[in-house]
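Take a look at the structure set out below.
In listed order, ligands and their atoms are each counted from 1.
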Amino acid sequence: MSEQTAEVRQTIIQLLSHMRDGKEVRDYLNRFSGLDQERFAVIKVGGAVIEEDLEGLAASLAFLQTVGLSPIVVHGGGPQLDTALAEADIKTERVDGLRVTREAAVPVIRETLTRANLALVDAVRDAGGQAAAIPSGVFEAELVDEERLGRVGEPTRIRFDLVAAAARAGQAPILACLGETRDGRTVNVNADAAVRALVHELQPYKIVFLTGTGGLLNEAGEILSSINLATDFENLIAADWVSGGMQLKIEEIKRLLDALPLTSSVSITSPKELTRELFTHAGAGTLIRKGEKIFAVSDKSELDMSRLDALVAAAFGRPVMAGYWEGLTLDQAFVTENYRAAAVTHKMGELVYLDKFAVMDEARGEGLGRAVWQRLVDYAPRLIWRSRTTNPVNGFYFDQCNGAVRRDEWTVFWRGPMDPADLAPVIEHVFALPPTLEDPA
Ligand code: ARG
């Protein structure tokens, strides 16, 4: 990095750190910069985004470079190919979702994808970034079924040298989905297959899909914020509001994540929201993780107390007081399989008192805390809890509660239908509970 770019980078990081979510931004930047850059992210861009929002796309890719991150970009060219093939009077036929590619179409495809590739590279350069055009030469492929599909290839090997050379020179490698057979024939590689092959090889921390919609949509047409495959996959695939296309997308993503470590994740977002998605916990788009199963326990002996203890200490930045676990009359605990998030309750008459709700810092932004919370409120329709007034999670609690009272250092929250006459003494009782965590250092 030249001295000047290093300075620009510093300024931008400073600016970002002073935004509302400054600490989050800094933490994510550190996390991402600490990775080998070829393992940071694979970003897939659909052909439609190149056509419709080339400038926005280029600006957001150039921005990542400015802060010292270099993702590997793979793009498709569906709409561009449709137009070019129609102009050349070649009919497009699809079998199993793959574009049948007859001999005559190959030069058109090569030409069109290369043009899309160069357009994106130029745009990134115009936006102040550095990018390398790698339209072909990366995916070694085998013909899938020449008779049925023509020149469609399935990648068998990644030739990484072109990509590595670009990355070494500080340029974002921009790849099109053109492959070659071992004997040098150009083949059309489906973009999902290309991403899959790259991801297997590189084991990236993030996989990002940039689309026009900017995420997967829920029943009401709003962007679904996160999906935890371990708990949501089956329900989603079976839900009647999930379209066939969305089903395929989710299955494809599951297939990608199954071959990656638990820490890797997929984000679907738009060029405009990419920065917010990557650098904040809340993100802007749909985050999909392999996730963890959540189990419900009502018997203390089924809990791994030392892991639960470590989770609470890590989440709150201080340990529970001596004797706390021994003194707890457990009602229910909801814990993720790797003890990265948990909710622990005890009974308070008819009500359920939430004793601890803890999410590991590294697991924030995954939707894991929200999934545990959902289990909790499904279990306890009438819930009461308290939180230090300085707790940064209170924003979430205010969203979730039906009412709250603040007194000095504590705020007491409740949720669900409550009779005010019953509630008042319980609130007093909760305010009067002794502290359960060691004092902040
Ligand atoms: N910035 C984090 C990441 O990229 C969390 C993103 C959360 N996004 C979401 N749509 N819930 O992994």
Side-chain angles (χ1 to χ4, degrees), residues 13 16-17 19-35 37 39-45 60-61 63-64 67-73 195 199 202-218 220-233 236 246 249-250 253-254 256-257 260-292 315 336 338 340-341 359-374 392-393 395-396 399-400:
I13 293 173
L16 287 174
S17 313
M19 294 189 339
R20 190 168 51 97
D21 303 314
K23 180 173 156 17
E24 289 175 32
V25 175
R26 238 175 307 133
D27 287 350
Y28 278 112
L29 261 176
N30 287 340
R31 191 186 296 183
F32 297 152
S33 339
L35 300 163
Q37 280 311 294
R39 292 205 43 238
F40 157 51
V42 169
I43 299 187
K44 181 193 160 190
V45 182
S60 65
L61 294 176
F63 173 78
L64 289 181
V67 295
L69 299 173
S70 35
I72 295 172
V73 179
V195 169
V199 160
L202 297 175
Q203 303 277 300
Y205 185 75
K206 292 286 313 181
I207 303 167
V208 179
F209 291 90
L210 292 179
T211 67
T213 326
L216 295 178
L217 302 183
N218 69 10
E222 304 146 347
I223 289 180
L224 253 170
S225 169
S226 62
I227 296 177
N228 183 337
L229 290 175
T231 50
D232 304 340
F233 180 71
L236 273 176
M246 178 163 164
K249 187 95 246 172
I250 296 172
I253 290 171
K254 178 169 175 359
L256 286 174
L257 287 176
L260 291 175
L262 197 65
T263 43
S264 292
S265 63
V266 171
S267 283
I268 307 177
T269 185
S270 61
K272 182 161 77 46
E273 300 289 12
L274 178 62
T275 311
R276 208 143 62 90
E277 173 64 14
L278 287 176
F279 298 112
T280 65
H281 287 323
T286 305
L287 178 77
I288 303 155
R289 308 193 135 257
K290 193 147 40 169
E292 297 171 48
T336 69
N338 298 304
R340 293 165 79 232
V359 182
M360 283 283 194
D361 222 28
E362 52 144 58
R364 295 195 52 193
E366 288 182 18
L368 204 58
R370 195 171 277 276
V372 169
W373 182 264
Q374 195 54 49
V393 181
F396 173 76
D399 275 349
Q400 294 293 321

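What you find for Ser267 and Leu287 is that their closest heavy atoms are OG-CD1, 3.4 Å.
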Would you mind listing each N/O atom of ligand 1 next to any protein N/O under 3.5 Å, plus the distance?
from, atom 1, to, atom 2, distance (Å)
ligand 1, 1 (N), Glu277, O, 2.8
ligand 1, 1 (N), Leu278, O, 2.8
ligand 1, 1 (N), Thr280, O, 2.8
ligand 1, 4 (O), Lys206, NZ, 3.0
ligand 1, 4 (O), Glu277, O, 3.3
ligand 1, 8 (N), Glu277, OE1, 3.1
ligand 1, 8 (N), Glu277, OE2, 3.0
ligand 1, 10 (N), Ser225, O, 3.0
ligand 1, 10 (N), Glu277, OE1, 3.2
ligand 1, 10 (N), Gly285, O, 2.8
ligand 1, 11 (N), Ser225, O, 3.2
ligand 1, 11 (N), Ser225, OG, 3.3
ligand 1, 11 (N), Ala282, O, 3.4
ligand 1, 12 (O), Lys206, NZ, 2.9

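Side-chain contact check for Glu277 and Thr269: no donor-acceptor pair (N or O, by modelled atom type) lies under 3.5 Å. For the residue pair Lys206/Ser264, the side-chain donor-acceptor check at 3.5 Å is not satisfied.
Using a distance-only test at 3.5 Å, with no hydrogens or angles considered, no donor-acceptor pair links the side chain of Ser265 to the main chain of Arg289.
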- Verify side-chain contact (heavy atoms from CB on, under 4.5 Å) between Val359 and Val393, making sure each step is shown before the conclusion. CA-CA 10 Å; Val359 182; Val393 181; over 6 Å; no
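Residues satisfying the ring-ring contact (aromatic ring centres under 6.0 Å, His included) test with Tyr28, not counting sequence neighbours, are Phe32, His281.
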